[in-house]
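Below is one structure, written out as structure tokens; the observations come after it.
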Amino acid sequence: MIDKPRAQVSHSTAVECAALAPEYVRKIARYVPGKPVEELAREYDLDPTTIIKLASNENPRGPSPKALAAIATATAELTRYPDGNAFALKGALAAKFAIPPETIVLGNGSNDVLELVTHAFLRPGDRAVYAQHAFAVYPLATQARGAIGIEVPAKSFGHDLDAMRAAITAKTRVVFIANPNNPTGTWHRPDAIKGFIDSVPRNVLVVLDEAYNEYLVPADDAQATRWIADYPHLIVSRSFSKAYGLAALRVGYGVMDAAVADILNRVRQPFNVNALAQAAAIAALSDVDYVAESRRLNSEGVNQLDTGLLELGVTALPTHGNFLLINVGDGARVYEALLRQGVIVRPVGNYGLPQWLRVTVGLPAENKRFLAALAVALST
Ligand SMILES: *Cc1c(COP(=O)(O)O)cnc(C)c1O
């Protein structure tokens, strides 16, 4: 006999249960991810193979073939728990940056590292400082601890480092800096970032989020992992989701003083980075040519988009990442008009940028298709 489905919990009881969550949790604004291809195909009855997604700053080339091969090999051990201490991946990172493995904390995406920092260091009522138009996870992770986010007005769309320094008070525990920043693509020179870190009291942590580091031309790379020895209050976070093309696997890392790493490891889930992700990340790190080629293709793509946008009379901010922030007048309308043509980009109204859209640099044919779709969207 088949059991009858249980009667649903009455709506009013469910609402009461939700009310048990602290007010600061109930007030969190949901993170809005880029629209998945399958979702757009369902909603607009489009053939998914004709849709292009330039919405989440993924590497349009996909992962390195070496990473794919490592994943295939690692599937043989799927029944086992991963190495919770990720000995091999930490070893590969330690060798790459010439740092002790104890200074590395791995995350389920670098997003996890950001969350771990707020878990470990923010109490309700503490302050975290970040910039207007900075990455959306900083306010979310801050609010989830009942801490208070201090949003410092942007300067030319980027971080106003002097104003951020001035916003630090005795209640501040953490400062977030994204360099380059998402969604604006703005970037600060290494000496400016270093000067800022140096100016921050040592009892305030500075999280330097470098998710797009691998897209910088080598001359612009601050190599901030080298600063850890001088700055015990610095945490550098990096990602395998962007240039390394492994967004679906969820793996990132933070580099920091070993004592700070020890604290983050206490609040980390024991197996927060899965075995396929660890294997893929090691292989991806070893394929330096793949990353270099991805960087080269990206800068060509930026030029292609810049040229096309200029022809359309659309303003784009100069970018240091693999995406462009463009002013289309009415972001929500143009976003919809692009969706109807099977092109997914990112609206950024939730970043306080309702006139703008963020477009990830795609393959040459994708960039061309986007530009053609944008021309249609702007003329309708
Ligand atoms: C994409 C992104 C991240 C998070 O990437 P993960 O996939 O969690 O590694 C962090 N910071 C910025 C600025 C990003 O754009």
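Counting starts at 1 for both ligands and their atoms, following the listed order. Because the structure is a prediction, the values reported are computed rather than measured.
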Can you tell which of Leu325, Thr184, Asn182, Leu357 makes a side-chain contact (heavy atoms from CB on, under 4.5 Å) with Val348? Leu325

Angle class for the Tyr253/Phe97 ring planes (parallel below 30°, perpendicular above 60°, tilted otherwise)? tilted

Over 60° means perpendicular and under 30° means parallel, so classify the ring planes of Tyr138 and Phe176, tilted if in between. parallel

Quick one: are the ring centres of Trp356 and Tyr335 less than 6.0 Å apart? no

Note: Thr186 and Gly158 closest approach over all heavy atoms is OG1-CA, 3.5 Å

Ring-ring centroid check Tyr244 Tyr290, cutoff 6.0 Å: no

Identify, chain by chain and in numerical order, each protein residue with a heavy atom under 4.0 Å from an atom of ligand 1. Gly109, Ser110, Asn111, Phe135, Asn182, Asp209, Ala211, Tyr212, Ser239, Ser241, Lys242, Arg250

